[in-house]
Amino acid sequence: MKNKKVTSIVSGLILLLVVLGVYYYVTLPAINIHCKGFWTSIIFLLVAATIIFGFLRLRTVNIFKGHKRDQIDPSQLKHAFDSKAFKLFFTLTILVILIYGVGYLLSSPIINAKKYRELITIQNSSFTDDIKQISYNEIPSLDKESAQLLGTRKMGNMVEYVSQFEVSDDYTQINYKDSPVRVSPLEYGNVFKWFSNASSGIPAYIRIDMATQNVECVKLEQGMKYTKSDHFGRNIYRYIRFKFPTYIFDELSFEIDDNGTPYWICPVKDYTIGLFGGETIRNAVLVNAVTGETTDYPIDQVPSWVDHVFSADLLISYYNYNGTLINGYINSLFSQKGCLKTTDGYNYIALNDDVWVYTGVTSVGQDASNVGFVLMNQRTAETKYYSIAGAEEHSAMESAEGKVQQMQYKATFPLLLNIAGEPTYFIALKDGAGLVKQYAMVNISKYTIVSIGDSITECEKSYRNLLKSNNITNDSSGGDKEKTGIISKMVNTVIEGNSHYYVMFEGDEAIYDFNLNDMITIIKYNVGDSIKISYTEGTTYNVVHSISE
């Protein structure tokens, strides 16, 4: 009997270890008391142990009536609860659940409202000082859905890849060589295609210029062997878990460095309020998607080319804690005096080689207006607030859609721009197929001022004229620069279906863009002619708004 009991215990422990190993390999929780998945794993382990040792206890008694295998004697089932191991694991399960519940409560905003408010420091800033007028090649005219559509179409043309690979849904927006782009790796079509191609890895990634809508399939000299669609030890989640078993990783982002090398950006979370509260990012692990090489950076030493360390959702939660808990937790539930929150939605702005999350700020009540907006740096968590009252984003979207209601276009979430010194919503209008057809600019303070254009140039020109006619600005140029020079070179091209002339002047290496839709008179000029223009300065080229006859 004693040998049978020992055998039963050993069998139970072996079975428990097997169950735990499979569970860990699949769920990959961090071995860290601040990780909720770690506590869930402990509870799962204890419940499994309770069931296993209860079942093994039943094997030592006769639970069948008259030795008939199909007739269980209910009175014998009580023996399962007589096992010391069963009682031990059952008690531990209840104890761990209680500790988890108490830890969760002590980490919550209910009793830590002040600490949650102080998770970020908000700086009041000047809109005109921080957000300068940008050139058209810096304005992302596509949202993620449109980028996904373009990426899928591009993939359909890649005959050598389309049968084995698909495009991932990542489409991370980054700054790449001063241009807003979205990047997304290819992924294996299924597990069988992984077995066929795993030795060479994933051969390319998709890069989409959000301003020009140019789509490239960037082929790599060596394939990526550490991705989300890989299996076993090469799956990126499993790979970093085995290398850093105690790290609690946040959302992983796919990015490329300045040389186009693909990386996974793996932010590491820390908790500063109790066991589970005050989530922040303390460092970031960068994984070379090709070689698997890892580098662990403290948060203040993350390379400048990295754009996504703090996720947009985490940054927005910081501001919402700060805005809603301003007068305590109870006030946030009932009277809500002075409570502010972010609006429903966000977009990205490129500033100073970083990506910033933009969203409006409104009162907790059901207002259709904003009291201001915030910009939050995704690499450093720096947060700036701008006190500018005006239309809430969805109201501006409805206003833009109303201008083209006969076309039934759908507005994308706005992008914040500085046009002629005025805070302005820039909105892309998409048809039913998800393609961008027109553009809108809506004045934030007076959202009835709406311009529509088939191109960004046309839309801005109309918007500047509306600002002038409504006595908001003094002229339609919005402070554009003027130039008189002799043409040294002219090149004709087509962008977004519109004809453009790129012009250079003697003694000036800058490139000037003339959109023929707006300035057909440029065709009257030739190399060697003198011309006077009004233009907006840009990073890659200058956009011309008018020609003086």
Side-chain angles (χ1 to χ4, degrees), residues 24 27-39 41 103 107 112 115-116 118-122 170 172-175 183 185 224 226-228 233-259 261-319 321-322 348 352-357 375-383:
Y24 180 79
T27 61
L28 302 172
I31 305 175
N32 189 315
I33 62 170
H34 294 291
C35 176
K36 295 177 184 177
F38 175 71
W39 289 87
S41 299
S107 306
N112 295 288
K115 292 181 179 179
Y116 274 87
E118 296 173 349
L119 285 173
I120 57 168
T121 301
I122 301 174
D170 286 346
T172 311
Q173 182 165 327
I174 63 173
N175 266 2
V183 289
M224 292 180 280
Y226 301 90
T227 69
K228 294 179 180 179
R234 277 175 35 181
N235 177 275
I236 186 60
Y237 295 107
R238 193 165 290 114
Y239 182 73
I240 60 174
R241 169 55 62 233
F242 291 159
K243 275 187 168 289
F244 304 94
T246 63
Y247 279 10
I248 307 172
F249 288 104
D250 198 5
E251 175 185 334
L252 272 58
S253 299
F254 179 80
E255 295 194 34
I256 57 176
D257 66 9
D258 293 335
N259 297 318
T261 304
Y263 280 85
W264 292 101
I265 312 304
C266 313
V268 181
K269 295 194 286 188
D270 193 15
Y271 293 85
T272 60
I273 304 174
L275 278 178
F276 311 119
E279 179 181 323
T280 186
I281 304 297
R282 64 180 174 87
N283 57 300
V285 174
L286 274 58
V287 183
N288 186 309
V290 176
T291 65
E293 180 184 358
T294 61
T295 308
D296 189 0
Y297 290 99
I299 191 64
D300 59 347
Q301 296 179 22
V302 174
S304 60
W305 62 263
V306 175
D307 290 315
H308 289 258
V309 177
F310 291 83
S311 70
D313 290 338
L314 179 60
L315 291 173
I316 288 173
S317 73
Y318 285 167
Y319 188 86
Y321 284 135
N322 184 275
Y348 301 98
N352 304 321
D353 198 32
D354 280 326
V355 173
W356 297 65
V357 177
L375 295 181
M376 296 168 281
N377 190 308
Q378 287 201 274
R379 184 169 60 86
T380 65
E382 180 183 0
T383 301

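For Ser107 (side chain) and Phe276 (main-chain N/O), a donor-acceptor pair under 3.5 Å exists by modelled atom type. With Tyr239 contributing its side chain and Gly292 its backbone, the two residues share a donor-acceptor pair below 3.5 Å. In this structure a side-chain-to-backbone donor-acceptor pair under 3.5 Å is present from Thr272 to Gly278. For the pair His34 (side chain) and Leu275 (backbone), a donor-acceptor distance under 3.5 Å is present.
Put simply, OG1 on Thr261 and CG on Leu286 are 11.5 Å apart, with the number rounded to the nearest 0.5 Å. If you take OH on Tyr247 and CG on Asp296, they are separated by 3.5 Å, rounding to the nearest 0.5 Å. Distance check: Ile273 CD1 to Asn112 CG gives 5.5 Å after rounding to the nearest 0.5 Å.
Within the structure, salt bridge (charged side-chain N to carboxylate O under 4.0 Å, His left out) contacts touching residues 234-243 (residues at least two apart or in different chains) are Asp230-Arg234. Residue pairs meeting the salt bridge (charged side-chain N to carboxylate O under 4.0 Å, His left out) criterion with at least one member in residues 250-259, sequence neighbours excluded, do not occur. The salt bridge (charged side-chain N to carboxylate O under 4.0 Å, His left out) contacts involving residues 266-288 comprise Lys269-Glu279, where partners must be two or more places apart or lie in separate chains.
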Quick one: side chains of residues 300-308, donor-acceptor pairs under 3.5 Å with protein atoms, not counting sequence neighbours, listed by atom name and distance.
from, atom 1, to, atom 2, distance (Å)
Asp307, OD2, Asn175, N, 2.9
His308, ND1, Gln378, OE1, 3.3
His308, ND1, Gln378, NE2, 3.4
His308, NE2, Gln173, O, 2.6

Show, in sequence, the C-alpha distance, side-chain angles and deciding distance for Val287 and Tyr263, and conclude whether the side chain to side chain contact (heavy atoms under 4.5 Å, CB included) test is met. CA-CA 5 Å; Val287 183; Tyr263 280 85; 5.8 Å; no
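Residues Trp356 and Leu315 form no side-chain contact, since every pair of their non-hydrogen atoms from C-beta on lies 4.5 Å or further apart. Contact of the Ile240 side chain with the Cys266 side chain is registered, since non-hydrogen atoms from C-beta on lie closer than 4.5 Å. Side-chain contact between Trp264 and Phe254 is present, with at least one heavy-atom pair separated by less than 4.5 Å. No side-chain heavy atom of Tyr237 sits under 4.5 Å from any side-chain heavy atom of Phe249.
Evaluation of the side-chain contact (heavy atoms from CB on, under 4.5 Å) rule for Glu118 yields Lys114 as partners, not counting sequence neighbours. Shown here are the side-chain contact (heavy atoms from CB on, under 4.5 Å) partners of Ile122, two or more places apart in sequence or in another chain: Ile120, Tyr319, Asn322, Thr383, Tyr385.
By the neighbour-count criterion of 12 heavy atoms within 6.0 Å, atom NZ of Lys228 is densely surrounded, having more than that number from other residues, nucleotides or ligands.
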